[in-house]
2 protein chains.
Amino acid sequence: MPVEKPRSEYRQVVALLRAAIADGEFPPGALLPAEPVLAERFGVTRATVNRALAMLRTEGLVRPERGRGTTVNELPIIRRESAGRQAQGVREAEGSRGAFDAEIRGLGLVPEAVVSVAEVAAPAEVALLLGVEAGEPVLARVREMSADGVPVQLATSYLPLGIVGGTRIAEVDTGPGGTYSRLGELGYAPVEFTETVRVRTPAEDEVVALRMDEDQRVFAITRVAVAEGGRVVEVNRIVAPAHQWELVFS
Amino acid sequence: MPVEKPRSEYRQVVALLRAAIADGEFPPGALLPAEPVLAERFGVTRATVNRALAMLRTEGLVRPERGRGTTVNELPIIRRESAGRQAQGVREAEGSRGAFDAEIRGLGLVPEAVVSVAEVAAPAEVALLLGVEAGEPVLARVREMSADGVPVQLATSYLPLGIVGGTRIAEVDTGPGGTYSRLGELGYAPVEFTETVRVRTPAEDEVVALRMDEDQRVFAITRVAVAEGGRVVEVNRIVAPAHQWELVFS
DNA sequence: TCTTATTTGTTCGTATGTATT
DNA sequence: GAATACATACGAACAAATAAG
């Protein structure tokens with residue numbers, strides 16, 4: 001007979017709760033029983049239940065709130081299609097203001113993006129990629145994106161001031177087609193994109209901006225856009241909760 | 001003056017330990033002081049230190065072992081280049097037996113792969129992609145890959161028996177260039193690849209095979225290879241510890 | 001091989017703090 | 001203000017794995 005791997009109680013509670021949620025006993029949006037109640041149900045201490053719930057919170061499956069209770073998250077997973085994302089047709093699609101808008105609308109949610117533009121000192125890693133001195137001023141376009149009011153993605157795009165300084169790219173509204181269309185008009189149309197994907201814990205500011213927990217995980221995507229001739233014209237750093245996204249590459 | 005966000009003690013300990021590791025006080029491979037020692041150093045209970053170390057373990061930064069102590073992980077981050085990964089030149093490079101081998105060797109580590117082949121009932125999701133009935137037998141090529149003896153990736157490749165049954169693809173050694181070269185000779189050379197990336201907790205068997213903890217995270221990559229004419233010729237499911245890999249797409 | 005000390009894993013009971021209702 | 005509910009911390013105890021003799 002198969003050997004049963006002995007599992008600690010809190011892991012068993014995790015499995016039981018996960019199963020109960022999957023079975024529909026606690027549907028998305030529902031409030032779970034309070035910790036003392038679950039503790040009695042499973043025959044463990046509240047501390048053990050608390051630990052199990054903390055694990056599920058880290059996975060993004062539930063959201064415990066002090067004084068209120070623990071609710072089951074309704075997480076529509078957002079699919080990010082990387083192929084054709086920068087195609088002009090997609091960028092300029094009617095009603096949509098870019099690939100992100102289209103992705104969120106496709107799920108029946110309301111997208112929103114707050115954009116701010118500033119000149120900042122280039123972070124070391126970005127400077128290296130852009131081919132400028134570390135600390136040298138570059139243009140930073142920061143976008144905070146949300147779906148139905150829930151923040152789901154942060155993106156900071158760094159561009160060399162030598163190319164985009166004084167152009168419409170340095171303004172909040174870059175016009176139809178966005179940054180890439182303007183870059184094309186300046187003779188720096190991106191022809192190649194490289195995206196590097198990592199998973200890590202969020203930084204403190206990301207915890208605040210994305211309203212997530214410190215022990216959850218984020219995708220950290222660095223996209224480098226290269227123009228004809230090999231000149232790097234943009235470095236885009238994207239941060240998004242890992243449990244809410246699915247990345248597709250072709 | 002700025003408002004200091006009050007942080008729980010265990011999060012402060014996490015930050016302090018992370019800093020100490022980054023500063024080189026505890027270099028890769030080093031044994032950390034025992035939990036009671038750290039508890040005294042930070043002025044907290046062992047339970048708090050234990051919790052902090054559990055977080056660092058989940059991140060893949062340290063590896064606590066009962067009876068032994070807690071060591072700082074030393075396996076470097078492995079970069080997986082997706083572009084050109086299936087190019088014949090890369091696959092057939094001298095000394096390397098594929099993209100994975102080259103990636104691991106590039107880090108100065110010794111790659112190893114254990115391959116097994118079997119006919120299995122197609123999982124529902126795979127069957128849908130391959131265009132066969134769920135449960136219908138398909139060829140499964142399972143590869144367990146490791147670097148310096150540490151398992152770092154599982155890959156299960158599903159192929160339609162109608163195409164590959166009885167060919168060399170159904171054997172453990174597929175010959176120079178591997179599966180894709182053989183598929184080409186059969187008239188089903190893959191011309192398009194789509195990879196879908198998700199992050200999730202590992203399944204029980206993955207925990208065992210990859211020697212990781214239940215509360216760590218894995219990349220779950222599904223690669224679909226399409227031949228000329230739109231026929232799906234392979235579905236490859238790849239699972240790898242998320243903290244050990246960096247994915248690059250072009 | 002057996003024993004013992006060390007070290008981490010887990011659970012318990014209790015207490016206190018903080019946010020919400 | 002009071003009740004409810006989750007967050008964190010402490011101290012203690014025992015289990016399990018490892019290492020040393």
Side-chain angles (χ1 to χ4, degrees), chain A residues 3-17 26 29-73 204 207-208 211-216, chain B residues 3-17 21 26 29-73 207-208 211-216:
Chain A
V3 186
E4 270 294 321
K5 192 176 78 174
R7 286 212 294 177
S8 46
E9 291 179 7
Y10 79 91
R11 288 194 196 282
Q12 294 180 41
V13 173
V14 166
L16 289 169
L17 285 173
F26 306 121
L31 205 60
L32 290 184
E35 290 182 358
V37 179
L38 290 174
E40 178 149 19
R41 166 167 168 176
F42 296 125
V44 296
T45 330
R46 190 177 83 83
T48 303
V49 171
N50 182 277
R51 187 170 177 181
L53 287 174
M55 290 205 67
L56 295 178
R57 173 190 63 184
T58 297
E59 286 177 39
L61 194 58
V62 302
R63 200 161 58 89
E65 286 170 281
R66 269 201 286 237
R68 200 168 166 278
T70 301
T71 52
V72 180
N73 269 338
E204 284 185 40
V207 167
V208 175
R211 281 192 231 143
M212 49 192 307
D213 291 318
E214 278 197 40
D215 47 4
Q216 292 182 327
Chain B
V3 186
E4 270 293 322
K5 191 176 77 173
R7 286 214 294 177
S8 47
E9 290 181 6
Y10 80 91
R11 289 195 197 283
Q12 293 180 43
V13 173
V14 166
L16 289 168
L17 285 172
I21 290 171
F26 306 120
L31 205 60
L32 291 185
E35 289 182 358
V37 178
L38 290 174
E40 177 149 22
R41 167 167 166 176
F42 297 126
V44 296
T45 330
R46 186 177 84 87
T48 302
V49 171
N50 182 278
R51 187 170 177 182
L53 287 174
M55 290 206 67
L56 295 178
R57 172 190 64 185
T58 297
E59 284 178 39
L61 194 58
V62 302
R63 201 161 65 88
E65 285 170 282
R66 264 205 286 239
R68 198 160 172 285
T70 302
T71 52
V72 180
N73 272 339
V207 167
V208 176
R211 278 191 231 145
M212 48 191 308
D213 291 318
E214 278 196 40
D215 47 4
Q216 292 182 327

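Chain naming here is simple, since letters A, B, ... match the order of the sequence lines and numbering starts at 1 in each. Since this is a predicted model, take the numbers as computed values, not measurements.
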* Would you indicate which nucleotide in D/dA9, C/dT8, C/dC12 comes nearest to any side-chain atom of A/T45? => C/dC12

* To do: Please figure out whether B/P36 or B/A47 has its closest DNA chain C nucleotide nearer the 5' end.
  => B/P36

* Asked: Using a cut-off of 4.0 Å on non-hydrogen atoms, how would the nucleic acid contact of A/A34 be classed: base, sugar-phosphate, or nothing?
  -> sugar-phosphate

* For atom CD of B/E40, is the number of surrounding heavy atoms from other residues, nucleotides or ligands below 6.0 Å larger than 12? -> no

* Structure fact -> Side-chain contact check for A/T70: nearest option of D/dC6, D/dC10, C/dT21 is D/dC6

* Asked: Could you state the CZ-P distance from A/R46 to C/dT16, rounded to the nearest angstrom?
  -> 14 Å

* Separation of atom CZ in A/R51 from atom C1' in D/dA7, rounded to whole Å -> 15 Å

* Asked: C/dT11, D/dA9, D/dC6: which one has an atom nearest the side-chain heavy atoms of A/E9?
  -> C/dT11

* Asked: Taking OP1 and OP2 of C/dT21, is either one under 4.0 Å from a side-chain nitrogen or oxygen of A/R68?
  -> yes

* Nearest heavy-atom neighbours spanning B/V62 and B/L53 -> CG2-O, 4.0 Å

* Between C/dG9 (C1') and A/Q12 (CD): distance, integer Å -> 15 Å

* Pick base, sugar-phosphate or nothing for B/R63, based on heavy-atom distances below 4.0 Å to the nucleic acid. => nothing

* Asked: What nucleotide among D/dA7, C/dT7, D/dA9 has an atom nearest to a side-chain atom of B/Y10?
  -> D/dA9

* To do: Rounded to the nearest angstrom, tell me the gap between atom CD in B/E35 and atom P in D/dA15.
  => 19 Å

* Asked: To the nearest angstrom, how far is A/L32 atom CG from D/dT4 atom P?
  -> 19 Å

* Asked: Which atoms form the tightest heavy-atom contact between B/A52 and B/Y10, and what is the distance?
  -> CB-O, 3.7 Å

* Flag yes if more than 12 heavy atoms outside A/R57 fall under 6.0 Å of its CZ atom; otherwise flag no. => yes

* Using whole Å, report how far CD of B/E40 lies from C1' of D/dC10. => 16 Å

* Is there a donor-acceptor contact under 3.5 Å from the side chain of A/E214 to the main chain of A/V207? -> no

* Candidates C/dT8, C/dT10, D/dC6 - which lies nearest the side chain of A/N50 -> D/dC6

* **Between D/dT8 (P) and A/R66 (CZ): distance, integer Å** => 7 Å

* Whole angstrom is fine here: how far is it from CG in B/L56 over to C1' in C/dG9? => 16 Å

* Structure fact -> Assert: residue with more 5' nearest nucleotide on DNA chain C, out of A/G43 and A/G67, is A/G43

* Asked: Among the nucleotides C/dT11, C/dT8, D/dT18, which one has an atom lying closest to any side-chain atom of B/P64?
  -> C/dT8

